[in-house]
Structure formats: C-alpha cells, structure tokens
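Have a look at the structure below, then the notes.
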Amino acid sequence: MKEALELLERVSAHPEARCWFLAWSPGGGLLASCGGDRTVRVWGRDGPQWSCRAVLSDGHQRTVRRVAWSPCGNYLASASFDATTCIWKKQEDGFECITTLEGHENEVKSVAWAPSGTLLATCSRDKSVWVWEVDEEEEYECVSVLNSHTQDVKHVVWHPNQELLASASYDDTVKLYREEEDDWVCCATLEGHQSTVWSVAFDRSGERLASCSDDRTVRVWQSYRPGNQHGVACSSTDPTWKCICNLSGYHTRTIYDVAWCHLTGALATACGDDAIRVFEESTGPEPSFSLAAHVPRAHAQDVNCVAWSPTEPGLLASCGDDGDIAFWRYQRPEGC
Amino acid sequence: MAAVMVGHDMFEEIVMAEERFHGEGYQEGYAEGSHVGVVEGRRYGSLHGAKIGSEIGYYLGFALTWQCLLQKCADERNSKKIRALNSLIRMIQKFPYEDPTYDKLQEDLGKIRGKFKQVCTMLNVQSDFRISTESSSLTF
C-alpha cells in the first residue's frame with residue numbers, strides 16, 4: 001500500500017518552526033505556505049524542483065495560521081494569531097500587503113475566499129465567524145459577525161460554487177451559513193463528532209462535506225434538498241445534512257486536516273500520528289470509503305495540512321510541525 | 001396484654017427517634033434552603049439582568065449617536081454604515097426586555113453583539129465594551 005503514495009520531494013520550508021498550512025494557487029503553479037516563524041512563503045517549480053519564490057515577512061507579529069488564494073490568483077490572504085488578516089497583492093516582483101483586516105478579539109484561525117472572489121470569511125478563537133465583502137476598489141467591509149459557535153472556531157471553508165459557508169469548531173459541531181435578506185444566518189448545525197472538529201472539506205459538487213476531528217474519525221455528510229427521493233425531511237428552504245459515513249479505527253491520533261480532491265474524488269487526511277492516509281469511495285449500495293494509501297511517517301511530527309493540486313491529478317502536498325513541506329504522487333491502487 | 005402494647009409504642013418512639021429527627025431536620029433544612037435559594041437567585045437574576053440591560057443600553061446609545069452624526073453626511077459612502085446602524089437599532093428595539101423566559105434570549109443577544117461588532121468595524125471604532133465599576137483611570 002505504501003507505493004500508492006510516493007514521496008517526490010521534501011523541502012525545509014519554515015526552519016525551526018511549524019509549518020501550519022498550504023494553499024495551491026488556482027492555476028496550480030504556485031504553493032503558498034505559512035508558519036510559526038510569522039512568514040508566508042510562496043513556492044514555485046523549476047522543472048521537478050520546488051523553490052522559494054517569495055517570503056512575505058513583516059505582515060504579522062505572531063504565527064501565521066492559514067493562507068488562502070483568491071479565485072483569480074492575484075491576492076493572498078493570511079490569518080494570524082496576532083488577531084489580524086493581511087491581504088497581499090501579487091506584483092511584478094513579489095507581494096505587497098495592501099490591507100489589514102482587524103476586528104477579531106484574539107487569534108484568527110482561518111481565512112477563506114468565496115468562489116465569486118467578492119467575499120472573504122475569517123474565524124477566530126473569539127468564537128465568531130466574520131464575513132467580509134471586497135469591491136472593485138479593493139476596499140474590504142465587514143458584512144456580518146456570526147456568533148453561532150459556543151467555542152473556538154478552527155476552520156472556515158466555502159462551498160465550491162455557492163455562497164454557502166461552513167465552519168468547524170472546538171464545540172464539536174460544523175455549522176453552515178448563508179445570506180438571508182441582507183444578513184448572514186446559520187442555516188444548519190452538523191452534530192455527531194465527539195470532540196473538536198478541526199477541518200472540513202466539500203467535494204467537487206458541493207453535495208457532500210467531509211469533517212475530521214480530535215475524536216479520530218472522519219465523517220462524510222450528504223446534503224438532501226427539500227422534496228428529495230430519499231424521504232429525508234427538510235425545511236421548506238434549506239437542505240438537510242445527514243452523516244452518511246463514519247471512518248473510524250484508521251487514525252490513532254487527532255486528525256488535523258482533510259482534503260477532498262476535486263479532480264479524482266480521493267480523500268486525504270493529515271494526522272497527529274505523523275501519517276498521511278488516502279481514502280477512496282467504494283462502490284456498493286451504502287456509501288463507504290476504504291483506505292487506499294497510508295504513509296506512517298510522512299513527517300517527523302504531526303501533519304498539519306494536506307492539499308491536493310487543483311490542476312494535476314494525484315499531486316498532494318503536505319506540511320507539519322517539523323517545518324517541512326512534502327510533495328507526493330498518489331496513484332489509486334488496483335482493486336480499490 | 002395491655003401493658004405489652006403500651007411498651008411496644010414507647011420503645012418504638014425511642015428507637016425511631018433518630019430517624020424522625022433526621023426527617024424533621026431534613027424538612028426544615030429543605031424549606032430554609034429553598035427560601036435562601038430564592039433570595040440568592042433573585043439577587044443574581046437582577047444583577048445579571050442589569051448587566052445585559054447595561055450592555056444593550058450602551059449599544060443603543062452608541063448607535064443612536066452615530067445615526068445622528070451620520071445623518072448630517074448621508075452620502076453614498078455612508079449608506080451601508082447607516083443601514084447597519086438602523087439594523088442594530090431595530091434589533092435592540094425588538095428585544096423583549098420584559099420577558100426573562102424568552103427562549104431565544106441568548107441567541108438574539110449574540111446577534112446584537114455581532115451586529116455591534118460589525119458596525120464598529122465599519123466605523124473604524126474600537127469595540128471594547130467592559131462592564132466595570134471603576135471607570136478608566138485618568139493619569140497626568
């Protein structure tokens with residue numbers, strides 16, 4: 001099973017610090033990383049080798065926890081423990097910080113761009129999720145502050161093609177939000193995990209959501225529309241989400257990240273036991289996933305993030321507490 | 001025979017005395033505890049209610065002041081700010097002050113707090129509201 005996921009290259013990205021997160025540019029040519037050394041680094045490929053193209057320092061006074069590219073690829077957002085979110089604009093010779101979003105009371109844990117490119121979401125240890133709107137003049141404005149979670153919010157992620165926002169929290173739930181009459185409301189709460197939900201990922205269609213947790217399981221949720229054939233009860237306007245699959249017994253520690261490949265449908269996980277695992281959906285009457293690949297010592301310490309390339313099927317990047325970025329080639333094994 | 005019957009009752013009283021006192025003591029304690037609990041609960045409730053009232057009052061005063069200030073320059077740029085302020089004022093006015101058993105109390109309070117934070121960010125004002133008996137110190 002080891003051959004299914006093969007190491008291509010390992011890069012020491014954030015020396016003597018944790019590498020917290022990775023984000024592929026929409027075109028797949030660049031990879032942004034961020035870490036405990038308070039910097040954001042942008043990596044590009046020269047042939048088979050990855051090298052550092054830019055170092056964005058001076059933006060934050062504390063750890064940078066998350067980075068996200070805008071859908072157009074011209075902007076990078078970085079969320080930091082210093083309670084701010086910086087917006088960097090791609091220039092000829094690098095990146096320039098064009099604005100800093102303030103407002104959260106403490107550490108910002110995540111940032112994400114909506115597919116339209118005009119909305120941005122941030123979340124924080126202050127238990128709130130903020131939605132920001134950006135106009136053509138690059139002016140950012142807060143359009144909503146959502147206080148639905150009762151604890152630290154760890155991650156926010158947007159639906160791939162709708163203006164639907166998902167958030168994961170220390171309060172063991174995943175919440176979904178949408179705009180309703182000029183304001184944002186929480187339209188669904190997904191309960192089931194027994195501990196902190198660290199990350200969520202939508203599949204390509206947006207009909208399914210995967211969540212990973214400190215309870216060492218990955219749950220897959222399915223959206224059911226009002227009037228669906230499965231007889232699932234819904235409110236008149238909002239779809240209902242039900243847990244259709246629970247992957248337990250595979251991970252021996254907290255699962256920090258889950259990534260759903262929009263090209264192949266493979267599901268990768270980043271675990272506190274230093275391993276990376278890949279799951280594939282099995283055919284059958286009931287939805288289920290099976291373990292297709294497992295690399296036990298992918299990193300020397302906790303793996304914090306896994307990210308599938310948006311343009312190259314099978315290319316996976318990972319990063320961990322050891323400060324390294326690793327690149328992997330994944331090939332779906334026979335009979336899986 | 002009669003002597004035996006009397007003897008039976010008398011011993012029962014002595015034997016069951018501890019249990020009886022225990023029971024009576026429990027009843028008295030329970031009654032007193034309930035009474036003290038009600039008094040303490042009322043005190044806590046009024047304190048907590050005052051805190052919430054004070055917080056919302058602060059938001060309302062803040063919002064009305066800014067609404068007044070912005071009315072003087074109600075141009076295109078400020079229209080969103082004014083809309084948000086109006087929304088905050090509306091939320092606060094709709095809040096049921098008279099009903100502590102309102103089931104969505106915490107939820108609506110959360111929405112008001114969120115709206116206040118959003119308005120502060122739009123106006124570029126620090127939103128650090130603190131309930132303190134001592135006001136900020138003046139230093140020279």
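Keep in mind that the numbers below use all heavy atoms, side chains included, and drop hydrogens, waters and symmetry copies. Within every chain, numbering begins at 1; the chains are lettered A, B, ... in the order of the sequence lines, protein sequences first and strands thereafter.
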For this session: Could you check K115(B) against D183(A) for side-chain contact (heavy atoms from CB on, under 4.5 Å), going step by step and ending with a plain yes or no?
Result: CA-CA 10 Å; K115(B) 199 53 146 173; D183(A) 210 349; 3.6 Å; yes
Exercise. Which region of R83(B), side chain (C-beta onward) or backbone (N, CA, C, O), has a non-hydrogen atom less than 4.5 Å from a non-hydrogen atom of chain A, or is it both or neither?
Worked result: side chain
For this session: Locate the shortest heavy-atom distance separating N147(A) from G114(B); write the atom from each residue and the value.
Result: ND2-N, 3.3 Å
Exercise. In terms of heavy-atom contacts, does NZ of K90(A) have more than 12 from other residues, nucleotides or ligands at under 6.0 Å?
Worked result: no
Exercise. At what distance, to the nearest 0.5 angstrom, does NZ of K117(B) lie from CG of D126(A)?
Worked result: 6.0 Å
Problem set entry | D99(B), CG atom: more than 12 neighbouring heavy atoms under 6.0 Å | yes
Problem set entry | Interchain contact, E139(A) with chain B, by part (heavy-atom threshold 4.5 Å) | neither
Exercise. Is Y170(A) atom OH crowded by more than 12 heavy atoms from other residues, nucleotides or ligands, each under 6.0 Å away?
Worked result: no
Exercise. At a heavy-atom separation under 4.5 Å, does E105(A) approach chain B through its side chain, its backbone, both, or neither?
Worked result: side chain
Problem set entry | Within 6.0 Å of CD in E138(A), more than 12 heavy atoms from elsewhere | yes
For this session: Give a yes or no on this: more than 12 heavy atoms of other residues, nucleotides or ligands lie within 6.0 Å of atom CZ of R62(A).
Result: yes
Problem set entry | Winner by heavy-atom pair count (cut-off under 4.5 Å) against chain B, out of L146(A), V143(A), L101(A) | V143(A)
For this session: Could you grab the distance from atom SG of C142(A) to atom NZ of K80(B), nearest 0.5 Å is fine?
Result: 11.5 Å
Exercise. If you take all heavy atoms of V145(A) and Q118(B), which pair is closest and at what distance?
Worked result: CG2-N, 3.7 Å
Exercise. Side chain, backbone, both or neither: which part of W184(A) has a heavy atom under 4.5 Å from chain B?
Worked result: neither
Problem set entry | E24(B) CD: over 12 foreign heavy atoms closer than 6.0 Å | yes
